[in-house]
There are 2 protein chains.
Amino acid sequence: MAVHLGNAKRVGIIDVAREAGVSTATVSFVLAGKEQVADATRERVLEVVRRLGYQRNRHARALRRGASRSLSALVPDVTNPFYAELIAAIENAASSQGWMLSLMNCQLDRAREVSYLNTVFDEVPDGIIYVPMTSDAVLEVESRFDSGPPIVIVDEITSHAGVGSVSVDNEAGARMAARHFRSLGRRRALVTGPPQGLPTSQSRSTGFIDEAAKVGLEVAHAAFGEVRTSDAGAVAADLLLRDRSIDAYFAGNDFLAIQVLFELQRAGLRVPEDIAICGFDGIAWGQMITPRLTTVRQPIHLIASTVIDLISKPVDEHHEIVLPVEFVRGQTT
Amino acid sequence: MAVHLGNAKRVGIIDVAREAGVSTATVSFVLAGKEQVADATRERVLEVVRRLGYQRNRHARALRRGASRSLSALVPDVTNPFYAELIAAIENAASSQGWMLSLMNCQLDRAREVSYLNTVFDEVPDGIIYVPMTSDAVLEVESRFDSGPPIVIVDEITSHAGVGSVSVDNEAGARMAARHFRSLGRRRALVTGPPQGLPTSQSRSTGFIDEAAKVGLEVAHAAFGEVRTSDAGAVAADLLLRDRSIDAYFAGNDFLAIQVLFELQRAGLRVPEDIAICGFDGIAWGQMITPRLTTVRQPIHLIASTVIDLISKPVDEHHEIVLPVEFVRGQTT
DNA sequence: CTGAAAGCGCTTACAG
DNA sequence: CTGAAAGCGCTTACAG
């Protein structure tokens with residue numbers, strides 16, 4: 001393991017105490033900002049702390065206090081802008097409460113997800129934020145949920161006692177998309193689930209299909225249970241190019257919608273003239289590109305603050321919270 | 001703080017030892033996979049571990065062993081796809097060596113960067129991977145670098161002893177862009193630095209300006225020292241729209257290049273006919289959009305594996321490593 | 001092959 | 001206002 005230069009040893013609280021001529025208790029009090037220390041003593045200690053460059057050892061601290069002031073988050077893929085934005089929002093909310101956020105990125109890899117799910121408890125975090133990639137993984141570790149820190153699951157509803165969940169009304173959002181396509185006079189739509197069988201995909205496609213039937217929109221359905229994100233766009237575009245009777249496309253998420261949009265453009269199709277596209281998530285990229293993406297927007301910041309609220313509460317006050325979505329008309333429909 | 005249900009207490013190694021009728025030493029040996037334990041004993045211990053759902057406390061472990069098997073990474077902004085891809089690559093390389101990656105996201109906020117830089121040492125990580133947002137922040141904590149875990153700085157060269165650095169040949173890449181524009185017959189170019197004065201911006205614009213002078217390409221220069229990413233695209237686009245004599249644009253990075261590309265399209269300009277655009281980074285998005293982005297590609301996976309290599313080495317073997325870049329012609333030039 | 005015991009670096013009652 | 005001492009949950013020489 002990496003050895004350090006000459007100055008091998010890290011300076012500890014004992015070094016500070018000795019140098020300042022006080023006990024470690026006093027150093028600790030000063031660092032904790034307790035009032036009960038004489039000003040002169042405080043000054044002296046702080047000076048030594050600064051001079052020696054002393055930093056408290058987080059592990060010793062956490063061990064002794066039984067709380068680490070840190071949260072661990074498990075996400076499917078930081079490379080997907082929706083998760084990146086969600087992480088940024090959650091980190092914001094967490095740090096305003098004095099929590100560090102430690103991140104575990106599953107990279108759309110099931111094995112990695114399970115492994116992280118197993119090791120996250122070792123971290124002894126004050127709370128766990130879990131954005132599931134697959135439903136299977138949740139089941140595998142559900143028993144672990146009984147003891148340990150509060151857990152909040154994002155984007156999937158769980159009935160496990162003591163586990164909170166924050167998700168959005170996926171079904172309602174999907175219905176909005178179906179009605180929108182119909183109001184535009186579109187006749188036949190394709191709906192695809194997000195890759196890797198993300199749990200939310202189910203209610204999105206179900207909601208869309210159901211509403212489509214009600215309003216008289218024909219639906220072709222394709223699920224990408226096992227397709228990796230990088231291929232999903234090409235596969236969906238291929239389906240659309242092959243069946244030109246389809247004039248509307250409801251993607252499982254914005255990332256996918258955007259990939260398909262450009263694939264179609266490259267193949268010479270016009271959006272929205274030849275085919276209308278609607279995404280889901282409301283990522284910033286959707287409004288950055290030309291044409292701007294029509295989508296169903298999730299309230300990312302509200303999700304983040306709700307997650308942190310829930311984490312801070314006693315576990316028996318955990319609930320399943322479902323937040324509303326908003327339809328955003330862009331230029332792709 | 002969040003209290004848990006009835007089963008308050010976390011099961012510890014003592015609980016396991018008692019239940020299995022052995023000492024904690026034996027439990028520890030079994031968990032560490034040491035051979036010196038009788039098969040029957042091992043079985044019994046493992047059964048109890050499973051039944052009780054025991055998980056080792058990482059803090060106690062790290063404290064005792066003096067190593068945490070974890071790395072901490074500080075990055076400017078996970079929302080920028082380049083950093084997202086870099087993180088994913090680094091995490092991959094790290095986990096293949098058995099390291100956890102803990103992430104601190106500065107969110108393009110200087111205050112947050114400094115604060116993270118101060119607390120990262122508390123984590124007692126086995127190594128620190130630091131992608132600086134500003135040069136100032138580095139200076140503020142340089143003294144801390146003398147003791148503590150190995151540090152690898154990404155994307156900026158540092159001369160601090162014992163600190164390794166991995167970056168790419170930004171200047172050479174910028175020169176490629178200038179020559180490319182010239183070979184296309186472009187006459188007047190705009191070059192902008194990445195927002196927030198990212199350290200790399202300096203050599204990119206310097207290299208571009210210098211080479212442009214050599215090959216006879218006129219240059220208008222604009223730096224975005226204080227502009228947040230979300231505005232930078234609009235500001236740059238505005239400059240380009242105002243001065244129509246400019247027929248080439250070298251953005252400091254792909255993220256910015258893409259934003260400007262679409263801004264220009266919305267304003268009715270044609271790319272590359274009216275204006276050619278070249279980015280820097282080689283993010284996946286650049287090849288996903290239409291038109292595909294011309295760019296200078298950084299070898300992300302090589303950067304990641306080099307970083308991990310360096311972290312694993314004794315500090316006195318740390319070096320400044322500069323990796324090559326590759327010019328990628330897309331459809332925006 | 002197994003156990004008793006020290007000690008990692010802190011914080012926090014408890015005395016004084 | 002300050003210090004001596006216990007203890008958080010592990011791992012690891014050291015004995016046996």
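Below, chain A is the first sequence line, B the second, and so on; all start at residue 1.
- Put simply, Arg56(A) has no side-chain N or O that comes within less than 4.0 Å of OP1 or OP2 on dC10(C).
- Scanning for side-chain contact (heavy atoms from CB on, under 4.5 Å) contacts around Ser95(B) gives Arg112(A), with sequence neighbours left out.
- The side chain to side chain donor-acceptor pair (under 3.5 Å) test applied to Ser70(B) returns Ser68(B), not counting sequence neighbours.
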Discussion item. Dot-bracket for DNA chain D, please. Rules: Watson-Crick or G-U, both distances under 3.5 Å, ( ) within the strand, [ ] when a pair crosses earlier ones, | for another strand, . otherwise.
Written reply: |||.||||||||.|||
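- Annotation: salt bridge (charged side-chain N to carboxylate O under 4.0 Å, His left out) contacts of Glu19(B) (sequence neighbours excluded): Arg51(B).
- For residues 27-46 of chain B, no pair satisfies salt bridge (charged side-chain N to carboxylate O under 4.0 Å, His left out), with sequence neighbours left out.
- Atom CG in Asn57(B) sits roughly 16 Å away from atom P in dC10(C) (whole-Å rounding).
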Please table the atom pairs, donor to acceptor, closer than 3.5 Å between any side-chain atom in residues 300-308 of chain B and protein atoms at least two apart or in another chain.
from	atom 1	to	atom 2	distance (Å)
Ser305(B)	OG	His301(B)	O	3.2
Ser305(B)	OG	Leu302(B)	O	3.2
Thr306(B)	OG1	Leu302(B)	O	2.6

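- In this structure Thr79(A) satisfies the side chain to side chain donor-acceptor pair (under 3.5 Å) test with no other residue, sequence neighbours excluded.
- With dC1(C), dG9(D), dG3(D) as the candidates, the nucleotide lying closest to the side chain of Leu63(A) is dG9(D).
- Counting to the nearest Å, the P atom of dG9(C) and the CD1 atom of Ile14(A) are 7 Å from each other.
- For the pair Ile13(A) CD1 and dA4(D) P, the computed distance is 14 Å after rounding to whole Å.
- Distances shorter than 4.0 Å separate some side-chain N or O of Thr41(A) from OP1 or OP2 on dT2(D).
- Every residue two or more places apart in sequence or in another chain was checked for a side chain to side chain donor-acceptor pair (under 3.5 Å) with Asn57(A), and none qualifies.
- Between Asp39(B) atom CG and dC1(C) atom P there is a gap of 8 Å when expressed in whole angstrom units.
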Using atom names, set out every protein N or O paired with an N or O of nucleotides 12-16 of chain C below 3.5 Å, distance rounded to 0.1 Å.
from	atom 1	to	atom 2	distance (Å)
dT12(C)	O4'	Arg64(A)	NH2	3.2

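- A straight line from CZ of Arg18(B) to C1' of dG3(C) spans 16 Å, rounded to a whole angstrom.
- Dense packing is recorded around CG of Leu323(A), with more than 12 heavy atoms of other residues, nucleotides or ligands lying under 6.0 Å away.
- Between Leu31(B) atom CG and dT11(D) atom C1' there is a gap of 11 Å when expressed in whole angstrom units.
- Using a 4.0 Å heavy-atom distance criterion, Gly66(B) is classed as making no nucleic acid contact.
- With hydrogens and angles ignored, the 3.5 Å screen pairs no side-chain donor or acceptor of Asn105(A) with any backbone N or O of Ala88(B).
- Between the C1' atom of dT2(C) and the CD atom of Glu35(B) lies a distance of 16 Å, rounded to the nearest Å.
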